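What follows is one structure encoded as structure tokens, with my remarks underneath.
Because the structure is a prediction, the values reported are computed rather than measured.
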Amino acid sequence: MSSTSNTEQHSHTPLGTQLRRRKSIQAMANDAADNAGLGTLKRSLGVTQLVMISVGATLGTGILVILGSAVPVAGPAIWIAFVLAGITALLSAVSYAEMAGMVPVSGSSYSYSYATLGEGMAWVCGWCLVLEYAVSAAAVAVGAGSYVNQTLEIFGLALPQALAAGPGEGGIINLSALIVVILATLLLVRGARESALANTVMVIVKIAILVFFVVVAFTAFNAGNFAPLLPMGAAGVTGAASMVFFSYIGFDAASTAGEEAKNPQKDLPRAIMIAMVLVTAIYVLVAVAAIGAREWEWFADSEAALVQIVSEITGQKWIVLAFALASVIAIVSVVLTTLYGQTRILLSMGRDGLIPRFFAKVSPSTRTPVIGTYVTGAVVAIAASLIPLGQLAEATSIGTLFAFSLVGVSVIYLRKTQPDIPRTFRVPLYPVTPMLGIAACLFLMFNLAGITWLVFGIWMAVGAAIYLAYGRRNSRLGALDSKAYEAELNL
């Protein structure tokens, strides 16, 4: 009996038993094939689009938005912080690549955890992914406001303070952030292929402006800006690495496209690895160029550091205008792809019954989860327009690191329990690599501030309450009797 034929009766499965229930990989594939009768997604994405989804969700966030707050923490060694965060992300990326080739569905690490650790940890992971994707989209959208204001200043204009920031920063609403999220939401509902095409164009623009920045910055390069390299000590570098890890979280976005990829088993692992290497190389290059162009203390007063550096070096308003506008486009790309990832994860959770089923309902005309996209976009828009960037960014990092560590655990579990299952990509140097990935994620988690842990604890408590009140009662897997569950597990 498959969970797709699950009855509506209330589950009487004991809580402890239900939390440990796993979904077989074949059952997930079967569920994805018909999406519980709620409409199916269209397989229209090739490896290039998948790479662009990951790059779109990743590239630009840390450099364009959070660089100004990270440099004062690490000093000239900010590039080392990016390397450290990149290595941590890469250790997780190889585990993602192995799991994506084995479990080609939309749920990303939520689905991987369901297949290995059971419903309880799957819910925890899914709840962390809400923190990763939805809150990330909101945090990045907040950063768009800085670049919009920078553009307006070229013409001697500026948004009124009431419309330039949320209540926590002396305003009423961050209008720029609100508009960015609304535009991304409207684009997403049109279709995966259409939004992927728009994202590809925006990613090309994004890479072009970062390359342009590097060229301009190197014309004013001063090697003396790198001394002393560690003014804040090693603790400053690790602290900054924990902050900028936020800028790597998009690499797993391709894994959320498992049901829309043409050849998911082969293309998902390739896309994840290509995107990871490309993004890390560009981040480090831009960070080195930025520090070479300006002393690290300069960044403390900069909200839109890169565009300010371009403005000061070139002195050409039209160049600054083009750069600022392209930066806004780059930020829209991040918001678009992170919202995309969030809606696909919610689709998987809705299909499993852990959240309302409307999140999994796919429109027959656009082949996208329209209702879920609108609901997600509305929540993200409200958060982006009212909550400051810093509070959002650090909360995102801790949820992401926890979800990444679970993927490493999933790889180890499946290698032990199902060693013969086909794998289109295998983690190198197993089991050292996934164990290092888990350790690196936990290390960065413990470097985050106490208030971030408090927010994370509250978030987890809210998630537990939602699961007990709704998810446990509506879980399709939990509603199966013991015999039906064993039959599904052995598919």
Side-chain angles (χ1 to χ4, degrees), residues 58-91 139 143 146-147 150 206-207 209-249 276-315 320 323 327 330 389-390 393-394 397 401 440 443-444 446-449 452:
T58 312
L59 185 60
T61 312
I63 294 296
L64 294 172
V65 176
I66 208 171
L67 187 67
S69 55
V71 170
V73 176
I78 183 62
W79 66 272
I80 300 177
F82 273 109
V83 171
L84 181 59
I87 291 172
T88 303
L90 184 60
L91 290 170
S146 299
Y147 284 88
Q150 199 76 31
K206 187 187 310 191
I207 293 175
I209 66 164
L210 291 175
V211 170
F212 174 76
F213 168 80
V214 170
V215 172
V216 171
F218 270 106
T219 64
F221 193 85
N222 179 8
N225 290 347
F226 289 88
L229 183 62
L230 300 171
M232 303 301 182
V237 176
T238 56
S242 298
M243 292 176 64
V244 302
F245 187 84
F246 161 75
S247 61
Y248 283 92
I249 66 174
M276 190 66 245
V277 173
L278 178 62
V279 166
T280 302
I282 294 177
Y283 274 170
V284 173
L285 184 61
V286 172
V288 169
I291 293 296
R294 291 292 179 269
E295 295 180 351
W296 69 274
E297 295 94 342
W298 177 89
F299 290 85
D301 300 319
S302 173
E303 288 188 352
L306 301 196
V307 72
Q308 284 186 248
I309 291 174
V310 170
S311 175
E312 293 177 9
I313 292 176
T314 65
V320 178
F323 192 89
S327 298
L389 168 65
E394 292 207 8
S397 290
L401 287 164
F443 175 76
L444 290 184
F446 287 117
N447 271 281
L448 291 170
T452 305

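- Separating the CG atom in L59 from the CD1 atom in I207 is a distance of 6.0 Å, to the nearest 0.5 Å.
- When the shell of 6.0 Å around CH2 of W79 is examined, it contains 12 or fewer heavy atoms from other residues, nucleotides or ligands.
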Subject >> Audit row: F226, V288, side-chain contact (heavy atoms from CB on, under 4.5 Å) steps and yes/no >> reply: CA-CA 9 Å; F226 289 88; V288 169; 4.0 Å; yes
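- Within the 4.5 Å cutoff, no side-chain heavy atoms of W298 are placed close to those of V71.
- When all heavy atoms are compared, the tightest approach of G86 to T280 is CA-OG1, 4.3 Å.
- In terms of heavy-atom proximity, R294 sits nearest to F299 at O-CE1, 3.8 Å.
- Between A240 and A74, the shortest heavy-atom distance links the atoms CB-CB, 3.5 Å.
- For the pair T88 and F443, the minimum side-chain heavy-atom distance is 4.5 Å or more.
- Note that CD1 of I291 and CD1 of I309 are 8.0 Å apart. Values are rounded to the nearest 0.5 Å.
- Aromatic ring orientation, Y248 versus Y283: perpendicular (interplanar angle above 60°, classes split at 30° and 60°).
- The distance from atom OG1 of T314 to atom CZ of F212, rounded to the nearest 0.5 Å, is 6.5 Å.
- The line from CG of L84 to CD1 of I87 is 6.5 Å long, rounded to the nearest 0.5 Å.
- Counting non-hydrogen atoms of neighbouring residues, nucleotides and ligands closer than 6.0 angstrom, the CD atom of E295 reaches no more than 12 such neighbours.
- Note that the CZ atom of F218 and the CZ atom of F213 stand 9.0 Å from one another [nearest 0.5 Å].
- A donor-acceptor distance shorter than 3.5 angstrom exists from the side chain of T238 to the backbone of A235, with no hydrogens or angles considered.
- Annotation for P228 and P76: closest pair O-CG, 3.3 Å, computed over non-hydrogen atoms.
- The two residues M232 and P72 have their closest heavy-atom pair at CE-O, 3.5 Å.
- Here the CG-CG distance, from L210 to L306, works out to 7.0 Å after rounding to the nearest 0.5 Å.
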Original post:
Step by step, would you call V237 with I78 a side-chain contact (heavy atoms from CB on, under 4.5 Å)?
Top reply: CA-CA 7 Å; V237 176; I78 183 62; over 6 Å; no
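- Pairing each heavy atom of A220 with each of I313, the nearest pair is CB-CD1, 3.7 Å.
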